[in-house]
Engineer: 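I have a structure I would like to understand better, so I am pasting it below and will then ask my questions one at a time.
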Amino acid sequence: MHQGTDAITEHLLADLNEPQRQAVCHVEGPLLILAGPGSGKTRVVTRRAAYLAATVARPYQILAITFTNKAAREMRDRIDALGVGEGMTVATFHAFCARLLRIHADRAGISRNFTIFDTDDRRKLIKKAIEACNLSTTNWSPAAVESVISTAKNDMLTAEDYASDNLDWQQQSYARIFLCYEELLKKMNGVDFDDLLCRVARLIQADAELCGILEQQYKYMLIDEYQDTNAAQYAIARQLTKTHQNICATGDPDQSIYGWRGADISNILNFERDFKDATIVRLEQNYRSTQKILSAADVLIASNSQRKEKTLWTENDEGPAVVVMEHESGDDEARSIVRDIGSRIREGTQAREIGILYRINALSRSLEEAFLREGIPYSIARGVEFYNRREIKDVLAYARILVNPTDEIALFRIINTPTRGIGATTISRLVEQAKGHQISPLEAIYHEGVLAELGRSASKVRAFGALLQTLQPALKLPASQAMEYMMSHTGIRAMYRKEDIADETPLANLDELINAAATFEREHEGTTLVDWLEHAALISDVDIVTNENGAVTLMTLHAAKGLEFDNVYIVGLEDGLLPFRRHEEAGVDEEEERRLCFVGMTRARKRLTLSRARYRMRRGMTERTVKSPFLDELPRVEIEWTNCEGDARSRRSADLGRLPDDIEQWEIGSIVRHPVLGLGSIAMIHQHPRQTRVDVKFRDGSERSWVLEFADLERVDYDEIGDAF
DNA sequence: AATATTCCCGTTTTT
DNA sequence: CGGGAATATT
């Protein structure tokens, strides 16, 4: 046993530098690992978890917390690969809290089958709450209410706490809405994202016994991205480690980019004050980027005042200069960058080693068009979009109502989906009746007295009630089969089959949902429908960044945290966009915006390109822009500025997405012209449901493929070019 | 009751 | 420019 342990620890300490080794070997007491970008943080954290498991602790005594599911999965995989991770708890804060609330539902005063309401559901519920307070949603914007409530919860204030503060008249209304919202949540057995954290934080503060049990179990706690913790997460960390003090926090104040979500950078800045006798390890050697990239990023971040001094250095090559490109318009920017990418790919760069980052999702559109036009594969990290799609939410709503019959958001989503003749009037009458009889809307559906009041619609409602009954067996099925059962028994699949014959995406998405559920089952043995719904509610964008298909990756700067690419392009370096400002008068947390830019720049291994446009279309209008102040903060030497002229495009953007007028004459063998590549002939045409793909063979023997609707191709008649071809 | 149309709104980042 | 909600139409 001892000999084995030595072998394992030796293996765990192999190829680490001195501070890394120090961090891995630290066992007892608080430890803060300040890890600069690319400093091998993940490696250190996983090795440390494994080291603990191999020396002083059993794996189940270790709790490792991350912020994204993707990070959790990666950490778990890497620990598993080290061969000692079996039984360790590796989860996101949210997933960990959700699980705790279910296990200790009775102590938390909540029903075990609670639903997690996503942002969409929450928005709907807030609207309901506003209306219930006899206020109008035009005067009281749900978005504003949402942020008031979310901010309060992140600071661990209950609705009652908020209401008991000294409030002006506007805040008093917010307080009423807040109280009402909480009541609705309670009635529906629902919790929102923020509740997961603050309910657990309050629970373990109030319930010393439970807290003791947890402290007993989790002897060692690791928290990644500590700079992004909010008050509730901080409280949880404090409570769970207050006795043994074995907290290991890793993070980097310079990468704190979630202040708008309640993250409090002072949590990491004050770590030494909060945890007595804390050891601090600085990981400053960068293994990722070239010297030029690192020094540009380092100079930029030096303008911030809220930091912990770090000296980033690297032994890597100097590398090519960081490039700043200035373009005429946003479209020019997109096309020029994509063309640049095209030539790099032709020179042998892997598409998957290229990332384009932007401050707001809206900037992806012109890039997307440019990619389609050039025929270069790309993928956009917008994972939640899948779980936010109508067809997906429909199916999940059916499952939700089975698990939690009080979930009215789900009920009203599907009561007339697919349409079954239960319209707005019937629904409001049903709600009235339910109130009158003091029963829930779902109970009302089965209540003869209520049905009698519904007149002709009664039979429809009765049929709906019967349908829900036939779904009951799905509760006992594995998640993927339950999903399949829902789709076929509710008529959802049939509905999407005939809705738009040409568009098969909804059906494909439904199949994909079954696949996702099957994958979930495989990865989590012995799970139920409740677990699957929880998983579906807590999944996010960054979790689904897949890069196996060898495509260029497009994503927001926020989503890019923790990733790296050989080539990085950051677009839209304009004042108001990066740093982002909502309106002229609204303030900016310029330091956080600068950190965001820093995060983006340090994603690059070999080549970094920053770009801006002089004119950019925003809210449908083209506006003159001002260069981002960040560009002027970069070191003057070693940056290469290029001025890119605008170019006339051969196809107007109004034509994009449409087939050319002479489409009947496009056939195999037709000659076509591409503005850059010249003449070629069509080798193959593939008809897909919504797009036509053409393969073109050029004279030099190379072959490229485009989506015709977006490609910059024109057909040329034989006699026009004579013998040239 | 369901669908088609218009119009008006706002417009970050995400668990 | 695009989505959602209110309004008009079948």
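Quick note on labels: first sequence line is chain A, next is B, and so on, each numbered from 1.
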Engineer: Please enumerate all protein N or O atoms sitting under 3.5 Å from an N or O of nucleotides 4-7 of chain C, with distances to 0.1 Å.
Structural biologist:
| residue | atom | partner | partner atom | Å |
| --- | --- | --- | --- | --- |
| C/dA5 | OP1 | A/Lys127 | NZ | 3.1 |

Engineer: Grab the CE-C1' distance between A/Met495 and B/dA2 for me, whole Å please.
Structural biologist: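 Rounding to the nearest Å, CE of A/Met495 and C1' of B/dA2 are 13 Å apart.
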Engineer: Respond yes when some side-chain nitrogen or oxygen of A/Thr425 is under 4.0 Å from OP1 or OP2 of B/dA1, and no when none is.
Structural biologist: yes
Engineer: Only counting residues at least two apart or in another chain, list the ones meeting side chain to side chain contact (heavy atoms under 4.5 Å, CB included) with A/Ser141.
Structural biologist: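 In terms of side chain to side chain contact (heavy atoms under 4.5 Å, CB included), with neighbours along the sequence ignored, A/Ser141 is linked to A/Ala143, A/Ala144.
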Engineer: Categorize A/Met617 for me: base, sugar-phosphate, or nothing, with a 4.0 angstrom heavy-atom threshold over every strand shown.
Structural biologist: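 Sugar-phosphate, no base atom in range.
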Engineer: Take atom CG of A/Leu454 and atom P of B/dA1, then tell me their distance rounded to the nearest Å.
Structural biologist: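 From A/Leu454 CG to B/dA1 P: 11 Å.
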Engineer: In whole Å, I'd like the distance from the CG atom of A/Leu357 to the C1' atom of B/dT13.
Structural biologist: 13 Å
Engineer: Are there any protein N/O atoms within less than 3.5 Å of an N/O atom in nucleotides 6-11 of chain B, and if so, which ones and at what distance?
Structural biologist:
| residue | atom | partner | partner atom | Å |
| --- | --- | --- | --- | --- |
| B/dT11 | OP2 | A/Arg582 | NH2 | 3.3 |

Engineer: According to side chain to side chain contact (heavy atoms under 4.5 Å, CB included), who are the partners of A/Arg420, at least two apart in sequence or on a separate chain?
Structural biologist: A/Tyr398, A/Asn416, A/Pro418, A/Ile422, A/Phe464, A/Leu467
Engineer: Within the structure, does a side-chain N or O atom of A/Thr419 lie under 4.0 Å from either OP1 or OP2 of B/dA1?
Structural biologist: no
Engineer: Between A/Gln205 (side chain only) and A/Gln239 (backbone N and O only), is there a donor and an acceptor less than 3.5 Å apart?
Structural biologist: no
Engineer: Side chain of A/Ala559 only, please: which of C/dC1, B/dT13, B/dT14 is the nearest?
Structural biologist: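 Among C/dC1, B/dT13, B/dT14, the one nearest the side chain of A/Ala559 is B/dT14.
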Engineer: Would you kindly give the CZ-to-C1' distance between A/Arg122 and B/dT14, to the nearest whole Å?
Structural biologist: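 About 10 Å, once rounded to whole Å.
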Engineer: Need to verify one output field. Residue with the more 5' nearest nucleotide on DNA chain B, A/Arg420 or A/Glu592?
Structural biologist: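 Of the two residues, A/Arg420 wins.
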Engineer: Describe, in one word, how the ring planes of A/Phe93 and A/Phe67 are oriented to each other, choosing from parallel (under 30°), tilted (30 to 60°) and perpendicular (over 60°).
Structural biologist: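 Ring orientation of A/Phe93 relative to A/Phe67: perpendicular.
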Engineer: Is there a donor-acceptor pair under 3.5 Å between the side chain of A/Arg359 and the backbone N or O of A/Leu578?
Structural biologist: no
Engineer: Just to be sure I understand the rule, does A/Phe67 reach a base, reach only the sugar-phosphate, or reach nothing, if contact means heavy atoms closer than 4.0 Å?
Structural biologist: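 Touches sugar-phosphate only.
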Engineer: Closer to the 5' end of DNA chain B via nearest nucleotide, is it A/Leu596 or A/Asn416?
Structural biologist: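 It is A/Asn416, whose closest nucleotide lies nearer the 5' terminus.
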Engineer: Taking the P atom in each of B/dT13 and C/dG4, what is the distance between them to the nearest angstrom?
Structural biologist: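 Result for the P pair: 15 Å, nearest Å.
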Engineer: Filter on salt bridge (Lys or Arg N to Asp or Glu O under 4.0 Å), then keep only pairs touching residues 132-152 of chain A, sequence neighbours left out; what's left?
Structural biologist: A/Arg122-A/Glu146, A/Arg123-A/Glu146
Engineer: Could you check how far CG of A/Leu538 sits from P of B/dT14, rounded to whole Å?
Structural biologist: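 Value for this atom pair: 16 Å.
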Engineer: With a cut-off of less than 4.0 Å, is there a side-chain N or O of A/Thr426 near OP1 or OP2 of B/dA1?
Structural biologist: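 True: A/Thr426 side-chain N/O within range (under 4.0 Å) of B/dA1 OP1/OP2.
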Engineer: Mind checking salt bridge (charged side-chain N to carboxylate O under 4.0 Å, His left out) for A/Lys627 and listing every partner two or more places apart, or none if nothing turns up?
Structural biologist: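 A/Asp632.
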Engineer: Hey, is the side chain of A/Asn69 poking within less than 4.0 Å of OP1 or OP2 on B/dT15, counting only N and O atoms?
Structural biologist: no
Engineer: To the nearest angstrom, how far is A/Phe464 atom CZ from B/dA1 atom C1'?
Structural biologist: 17 Å
Engineer: If you measure from the ring centre of A/Trp260 to the centre of the six-membered ring in the base of B/dT13, is it under 5.5 Å, with the planes under 30° apart?
Structural biologist: yes
Engineer: Nearest whole Å is fine: how far is B/dT13 P from A/Leu557 CG?
Structural biologist: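 My rounded result for the distance is 11 Å.
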Engineer: Please determine whether a side-chain nitrogen of the Lys or Arg among A/Lys393 and A/Asp121 lies less than 4.0 Å from a carboxylate oxygen of the Asp or Glu.
Structural biologist: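 A/Asp121 and A/Lys393: salt-bridged.
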Engineer: For A/Lys41, is there an ion pair with A/Glu225 - N to carboxylate O distance below 4.0 angstrom?
Structural biologist: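 Judged by the 4.0 Å cut-off on N to carboxylate O distance, A/Glu225 and A/Lys41 do form a salt bridge.
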Engineer: So which of A/Arg102, A/His94, A/Arg99 actually passes side-chain hydrogen bond (donor to acceptor under 3.5 Å, both in side chains) with A/Glu534?
Structural biologist: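 That would be A/Arg102.
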Engineer: Grab the NE2-C1' distance between A/His558 and B/dT15 for me, whole Å please.
Structural biologist: 13 Å
